[in-house]
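Okay, so here's the structure we're looking at.
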Amino acid sequence: MIGPTGFIEVRDITKEYDGIIALKDVSLTLKEGKITGVIGPDGAGKTTLLEIITGLRLPDSGEVLIAGKKWTEDSGSLKRNLGFVPQDFSLYSDLTVEENLFFFGQIYGQKDGTLREKIEKLLDIANLKKARKRQAGKLSGGMKQKLMVLSCLIHEPSVLVLDEPTRGVDPISRTELWELIRFIKEQGTTVILSTSNMEEVSRMDEVVFLAEGRVLVQIEVQNLSELFPFKIAEIKTDRVEDLIEKVEKLKNIKATHVVGRRVRAYFPREYEKKVVEELSQIVKGWYPVSPTAEDVFVYLTGGFIGE
Amino acid sequence: MRKSKAFLKKEFLHLIRDPKSLFLISLLPVIMLLFYGYVVRMDVKNIKFGVVNYDHSQFFEGLVSDMEASSYFTREGEFPSLKDCEKWIVKGKVDACLIIPSNGYKKLLTGKDTEVLLVLDGSDSNLATTVANYFHAFLAKFNSKHMPRGPEFRFSVVNFFNPELKSSHFFVPGLAAIFLMMICAMLTSITIVKEKEIGSLKLLRLAPVSPFQVIVVKLLPYLFLAVVEASLIIAVAELWFRVPFRGSLLSLGVSIFIYMFAGLSFGVFLSTIASSQAIAMILSLVLTILPSVLLSGFIFPIKSMPVLLQALTYIIPARYFLIIIRGIMLMGVGFKEIYRELVFLMVFAIFFFVISTFRLKREL
Amino acid sequence: MRRILAIVKKEFKQMRRQKQTLLLLFVVPVVQLLIFGYVLTTDVKNIDLGIKDSDKTVFSRHLIDKISNSGYFKIKYVDTTPRGVEELLKKRKVDAVLIIPEGFMRKVLRREGSQAQLIVNAMDSNIASIVTGYIMRIFENFGAGILKGSAPAKVKMIYTAWFNPELKSVYFMVPGLAGLIITIICTLLIGFSIVREKETSTLEQLSITPIKPHELLIGKMIPYALGGFLSITLALMVGKLWFHVPMRGSYLLLFGASFLYILTALSIGILIATFSTSLLQVLFLSWFSLLFAIMLSGLLIPIRNMPKFIQFLSNLTPLKFYIKMLREIFLKGGGLNLMLMDIAILSLFAVVFVLISSLLFRKRLTA
C-alpha cells in the first residue's frame, strides 16, 4: 500500500512531441484523499500530464513521485495502487460487462470469490446490474464510461486518474458518474481528473488550471474566488439588452456577461460601495454572486475583457 | 462533376498521407519480383548419386564416368551394397542410387538387354520424377553412342518460343500477374469498409453523391497507382530478367488495364460485403491471392487438375491474364488470339463493379 | 500465473465470439488441404498433342495408339506444315505437335535415316521437357516392340522409388501444406489479436496494470498454440484419411516438431504485430513473410533447383525445416537421429524469435 501521506508530487516536468511543447516546467503537489481537477482547454496538455502521472509516458525531464516512489524505480507497486481511465474507450468490446470486470480483476491477482462479490457491489453502485451480460461494445456512451471507471476500481487503487471522464456523456450519466467519483473519494481514494468543462469545478476539492502546457494556478476550489479581483452583481431582467446598455454606462463596471435572463456585472472590489449605490438607482433587485471557474480561468489567461 | 472532383481529391490525399503504405505498395512488388524471379529454376542440376557396381567391367565404369561428365550428375560415392547406400538415401545425402547388376556387360555381349536399377527417394516425388527422366535421357544418349546401332525411332525436338528452356521466361510474367492482383485486391478491399468502420460512410449518405460516383472515385486513384506499378513490373521483367517481348505494347497495356480494373472491382466488392477491415483483408487473401497463386496455372498446370477444380479455375481472373501476358510476351500473340480472355476479364470487372454499386446503394 | 490464466481465459472468450477466427481454425485447414492436395501436383497430364501423320502406315497408326494409350496426351489430328505449327500453338489449340514424315517407318527400318519432329510450346520449360521425356520413352518402347529380338542390346533402366513407389505428389504435398496452414493460422491470428488490442487501446490499459509483458505474451500464445495444434491435427487427419498419406514415423516426434514450429510461427506473428499499428499492416507484413515462406521453404519449388544465393537465403525460413521434418516423419518414418540437426535449427529459431519478439514487445509496451 501507498504510505500514509499518499500525496503525489510532480516536479518540473517538461515534455515535447516533435518540437511542440506539451508541458513546460510543471510542478504540482496533490493531496491525499481529495478530488483534484486538471482544468484547461483542449490542447492545454491535460492528457499528457495525466499520462505522465500514470507512468504511461516518460517526461523529457522532471519526475513524478507517488507516495515518495518513482515510476522509474518502483513501477510494480505503483501500478498495483493506481487506476487510469483513458479518454477513449479501451475495454474489450466483444466481452460482456461482467467478463471485462472479471478479466481486469484477475489481472490484478484477485481471487475469484472475492472478485465476484466486488463486481456485484460495483455493478450495484454504478447502476449497471441490468447490463451485466451485454457486450461492452454495445453499451451507450455513459454506460461505457461507467464501466471503464469500474474496471479501474476493481483492484481498489489508492489513486484513480480519469482523463475527461465526462466528455460526450449525457447529463444523467454525467451526474451518475460524478456520484461514482464522490463515492470513490469517500473510500479514501485520491482522485485526479481532467475536464474542459468548467461547470464541474464545483464538484472538486482542488483545481489545477493548465494552459499551453503551463500551470496557471493550483488552488482549493473554495478559495477560487480569492484569485478574482472583481466582484459580481447578478441582475434578473426580462429585457436583457436594455439593461446591459444601462449597466455598461456605469463608470466602474468593467464588464458584463449574460447568462440566460440574467446580467452579470463585474466591478473591482474597491469600488463596491459606489457600484452598489449606482446599481440601486437603475434596478430593483440584484444579488452578489461568486465568480465561476470560467471567470477565474479567463481572467488568469489574460482574456478578461475589462483588463 | 465538382463533387466527384472533391471526393477524388480526398481519396488521393488518403493515399499520400499514408507514406508507409504508399511505399509498400509501390516498391514491394518490384522488390519481390526481383527476388522471386530468381527462385524458380525448374531444371535440376547436380543430382547426387551413389553407385553400387556389381559388374566391375570397364563398360559400366565408363557409364558412370560419362554420367559424371554430364553437368547433371555428381557422384557422391561407391558402395559395396545397396544396404550401405541406404542410409545416404534416407538422410538425403544422395538423390539416387544406381545399381549395376553383376555380369551386366556379359549379358549385353550376348545380345540381351541389361537392366540397371535406379533407387530413388520418393519422399520428394517431384525430384524423383525429374531424376528418373534425366537418367532415362542420359541412357538413351549413352546407348546410341556406345552400342551397335540398330534401326532407331528418333525424333528431333523444336522448342518453340523458349529454345533455351529458361524457366524464368515463364515464371516472371506469372509473378507479375500475381503481384498485380495482390496489390489491387488488397488495396481496395479495405477502402469502403474502412469508411464504414470510422463512420464516414454515414456522412457520405448525407452528401449528394451516388454509389456509382463513390465507387468510381474510390477506384480511380488505385487504378492510377496500379498502372504505374504494372509499368514498373513489366520494366523489371524486360530489362532485368530479359524476358522476351514479342507482342505489342498496346495489347499488353490494354490487357493490364482491364486486368487491374477486374482486380480493383473485386476488391471493392469484398469491401462492400465485409463487416470489418480485418474480414475484408482475410477475404482478399483467401479469395484472391491464394487462388491466383494456386489455381491460375501460375505454377501448376490447370490441365493436370481434377475436372471439378479445372472448372473452378474459370472464375479466376489471373488464369486469363496469365494466358494473355505469357501469350503476348513469349508468343507474340495479338488481340485476335486473346480477345476471349479479355472479354471475360471485362465481364468479370463490370459484374463486380455493378454488384458493388448495388450493395453500396443499399448501404447508403 | 493467475494473470497468465486470466489472459488465456479472456482470449478463449474472444475467440468464441469471433466466428471468423473459429472458421480460420477449423474450416480453412480442411478445405485448403482438400483443394490444394489435388491442385498441387507436379504431374503433367492431358497434354494436347497435335499429330500430323504423313506416313499413314499401320506402324505409324500403331505408334499413335501407343501415345494415346499412355494416358498423358489428348490426340488431335492436325494438317499442318512445320511453319503452320506456330499459329496452332499461339491459338492454344495444342501444346505440342508431332510430325511424322512420309515414309518414316520404312526409312527407319531400312536405316535410311529419318526422324520425326516434335515441336513443343516451350513457354513453360518444365512442361516442355516433361513432354519430350514422355515421347522419348514411348518411342523407345515402340521401337523395342517392333524390332523385338532383332534390336541390338542396350542398357535399360528400371527404377524404384522408396517411401513413395508410385511417386504420388500428394504424399509430398500434404505434409508441406499442413506446415503452411499452421504458419498462416498461428502468424495471422496472434498478429491480429495483438494489433486489435493496440487499435482499441486495451493494450495501453493493460500496460498500467501490474501484468508483465512476458505474462501477457504467454497468455496470448497458449490459446493460439492450442488452436495451431488443433488445426494441424485436423489437416494431418485429412491427409491421412482422405489422401491416404502414409504415416510411418512417431507421433511424439511429430508433435514435438510441431510444438517448436508453432512457437516460432507465433513469435513471428508477435514480431509483425509489434511493428504494425493497424490490421492492414499486419496483413501486408504477414503476407510478405508468408510469400517468402511459400517460395523458399521447398513447399512448391525444390530448394536445390534454386540459385546458390537463394538457397542460402532459404535457411532463413523456419518453415523449410519444419516441412522437411514433416516429410521425413510421414514418409520416411525417420527417427530422432535423422533430424537432430533440423530440431536443433528449429529450436534455435524458436528461441531467437521468442526472445526478439518478447524483447521488442516489451519495449513497445513500456515506452
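No hydrogens, no waters, no symmetry mates; every other heavy atom, side chains included, goes into these values. The structure presented is a predicted model; accordingly, all values stated were derived computationally and were not measured. Here is how names work: the chains are called A, B, and so on, in the same order as the sequence lines, proteins then strands, and each is numbered from 1.
Using a 4.5 Å cut-off between heavy atoms, B:Met329 makes no contact with chain C at all. Only the side chain of B:Leu175 comes within contact range of chain C, with heavy atoms under 4.5 Å apart. At a 4.5 Å heavy-atom cutoff, the contact between B:Lys336 and chain C is made by side-chain atoms alone. Using a 4.5 Å cut-off between heavy atoms, B:Tyr105 makes no contact with chain C at all. For B:Leu108, the parts lying near chain C are the backbone and the side chain together; criterion is any non-hydrogen pair under 4.5 Å.
Atom CD1 of residue C:Ile294 and atom CD1 of residue B:Ile299 lie 9.0 Å apart, to the nearest 0.5 angstrom. Rounded to the nearest 0.5 angstrom, C:Leu118 CG and B:Phe160 CZ are separated by 12.0 Å. Note: B:Asn159 CG to C:Ile119 CD1 = 10.5 Å, rounded to the nearest 0.5 Å. In this structure, C:Ile47 CD1 and B:Ser304 OG are separated by 7.5 Å, a value rounded to the nearest 0.5 Å. From B:Ile338, atom CD1 reaches atom NZ of C:Lys91 across 14.0 Å, with rounding to the nearest 0.5 Å. Here the CG atom belonging to B:Leu330 is positioned 8.5 Å from the CG atom belonging to C:Asn121, to the nearest 0.5 angstrom.
B:Ser156 contributes no side-chain N or O that, together with a main-chain N or O of C:Gln117, makes up a donor-acceptor pair within less than 3.5 Å. Listed for the C:Arg92 side chain is a donor-acceptor partner under 3.5 Å among the backbone atoms of B:Glu337.
Counting heavy-atom pairs under 4.5 Å between each of C:Ile127, C:Thr132, C:Ile135 and chain B puts C:Ile135 at the top. Of all the listed residues (B:Leu98, B:Ile100, B:Asn133), the one sharing the greatest number of non-hydrogen pairs under 4.5 Å with chain C is B:Asn133.
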Could you go through B:Val293 and C:Met295, starting from their C-alpha distance and side-chain angles, then the distance that decides it, and tell me whether this counts as side chain to side chain contact (heavy atoms under 4.5 Å, CB included)? CA-CA 11 Å; B:Val293 172; C:Met295 294 294 225; over 6 Å; no
For a side chain to side chain contact (heavy atoms under 4.5 Å, CB included) check, start with the C-alpha distance between C:Ile158 and B:Glu115, then their side-chain angles and the critical distance, and finish with the verdict. CA-CA 6 Å; C:Ile158 48 175; B:Glu115 286 178 335; 3.9 Å; yes
I'd like to know whether C:Met136 forms a side chain to side chain contact (heavy atoms under 4.5 Å, CB included) with B:Val157, so could you lay out the CA-CA distance, the side-chain angles of the two residues, the decisive distance to 0.1 Å, and finally the verdict. CA-CA 10 Å; C:Met136 186 191 283; B:Val157 181; over 6 Å; no
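For the pair B:Arg326/C:Asp124, no side-chain contact is recorded, criterion being any heavy-atom separation below 4.5 Å from C-beta on. In this structure, C:Trp162 and B:Glu86 have side chains that are in contact, with non-hydrogen atoms separated by less than 4.5 Å. Proximity of B:Met331 to C:Met123: side-chain heavy atoms (C-beta onward) are separated by under 4.5 Å at one or more points. Using a 4.5 Å cut-off on side-chain heavy atoms (C-beta onward), B:His136 and C:Tyr159 make no contact. In this structure, B:Phe179 and C:Leu291 have side chains that are in contact, with non-hydrogen atoms separated by less than 4.5 Å. Side-chain contact check for B:Leu117 versus C:Thr160: some heavy-atom pair is nearer than 4.5 Å.
Partners of C:Lys74 under the side chain to side chain contact (heavy atoms under 4.5 Å, CB included) rule, at least two apart in sequence or in another chain, are C:Asn46, C:Asp48. B:Phe155 is linked by a ring pair (Phe, Tyr, Trp, His ring centres under 6.0 Å) to C:Phe139, counting only residues two or more places apart in sequence or in another chain.
Taking all atoms of both residues into account, the shortest heavy-atom contact from B:Ala140 to C:Glu140 is CB-OE2, 3.5 Å. Contact detail for B:Asn162 and C:Ser125: the closest heavy-atom pair is ND2-CB, 4.1 Å.
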